[in-house]
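Accompanying notes for the structure given below.
In each ligand, atom 1 is the first atom listed, and ligand 1 is the first ligand listed.
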Amino acid sequence: MSEANEHYGRGKLIVFGEHAVVYGQRAVACSLPEGARASLRRSASPQWSITHPGGTLEIDEYVRRALQAIFDTFDLSSAEHTVDAELTIPVGAGLGSSAALAVAVARAAADIVGIDDDTARGRIDEAVAASEAVFHGTASGIDQTAAMGAGFFAYSKSHGWPEISSLDVPEHRWIIARVAPSASTARMVKSVADLHRRRPEWIDPLFERFDAIARAGCEALEAGRWRDVGTLMNLNHGLLNAIGVSTPALEAACHTARDAGANGAKLTGAGGGGCIIALADDEHGPDVEAALAEEGDVYSFTLPPTD
Ligand code: MEV
């Protein structure tokens with residue numbers, strides 16, 4: 001694609017605090033260097049085409065509703081515009097592909113409508129939130145923040161609005177392994193909500209532990225104390241397992257990574273399938289990647305992104 005109004009959105013890696021972030025606790029994430037590109041153009045015979053690393057995305061009811069929410073926010077007719085989009089991260093793997101796509105399309109929509117940058121920011125946020133609600137149910141907004149491109153950041157919504165602080169984290173290689181087909185984020189968020197509704201007195205203290213881990217994680221990340229970061233990732237993974245969002249494949253992959261010498265490993269995103277992330281020093285990184293490659297697709301990124 002090379003249209004003039006081509007726009008970008010980034011994928012994300014949640015390092016600490018997924019799920020608990022929906023309940024106002026702190027989480028830590030980083031934008032990925034990759035994500036989505038999209039362009040819009042007026043057309044008498046509109047077509048929506050979205051490619052991804054595995055092929056072409058089916059424009060099913062959910063994708064249609066998610067894109068329609070963006071068109072509606074910008075008062076644009078979906079029947080008059082062609083969408084040309086490309087995802088450069090795997091879809092439905094917990095890496096924020098839906099938010100990346102929504103941000104890219106919303107930016108392209110703002111461009112086509114020709115609204116000024118200040119107004120555009122608010123409208124893009126609104127459009128992406130409406131689009132994300134289709135896939136996520138009750139979304140915290142963390143994916144959306146990463147998709148707008150914020151590097152490493154701490155995120156919480158404890159007072160009902162997002163509090164975002166950038167983190168100054170030294171560059172490091174992060175390993176991602178996609179070890180299982182993904183589950184629906186909305187379904188996983190709902191399963192945690194059901195558990196929480198049934199026994200808030202059991203689950204709230206766990207969410208407070210998620211928060212404590214994320215806070216300690218911020219300090220360890222900024223200081224580049226990678227062994228501590230790994231230990232905190234392992235602890236965080238244990239809590240995610242405790243609230244029921246891990247799976248045998250995710251557990252096996254975390255153990256594989258740790259056995260191969262990773263400092264830590266955890267599932268990332270909504271769970272129920274999808275990806276784990278692992279952190280290893282230079283000496284063990286290749287072993288960890290090779291071991292994980294036997295269980296799924298492996299990607300690695302140096303984070304934070306430099307551009
Ligand atoms: C999904 O990437 C992260 C969750 O915490 C949901 C959300 O924060 O919207 C599971």
Can you tell me the protein heavy atom closest to [atom] and the distance?
| atom | answer |
| --- | --- |
| atom 3 (C) of ligand 1 | I14 CD1, 3.7 Å |
| atom 4 (C) of ligand 1 | H19 N, 4.0 Å |
| atom 2 (O) of ligand 1 | K12 NZ, 2.9 Å |
| atom 7 (C) of ligand 1 | S140 OG, 3.4 Å |

Taking distance alone, no hydrogens or angles, what donor-acceptor pairs closer than 3.5 Å link side-chain atoms of residues 210-220 to residues at least two apart or in another chain?
residue: D211; atom: OD1; partner: R26; partner atom: N; Å: 2.7
residue: D211; atom: OD2; partner: R215; partner atom: NE; Å: 2.6

Enter the distance from M233:CE to T268:OG1 here, rounded to the nearest 0.5 Å. 8.5 Å
Is it the case that one hydrophobic cluster holds both F153 and Y8, taking links as side-chain heavy atoms less than 4.5 Å apart, direct or via other members? no
Indicate, with yes or no, if V189 and I243 share a hydrophobic cluster defined by side-chain heavy-atom contacts under 4.5 Å among Ile, Leu, Val, Met, Phe, Trp and Tyr. no
For ligand 1, is there an atom lying under 4.0 Å from some heavy atom of E132? no
Determine which pairs satisfy salt bridge (Lys or Arg N to Asp or Glu O under 4.0 Å) with at least one residue from residues 264-286, sequence neighbours left out, and list them in order. E18-K266
Atoms of ligand 1 close to [X] [distance to a heavy atom under 4.0 angstrom, numbered from 1]:
| X | value |
| --- | --- |
| V21 | 5 (O), 8 (O) |
| I142 | 8 (O) |
| A139 | 9 (O) |

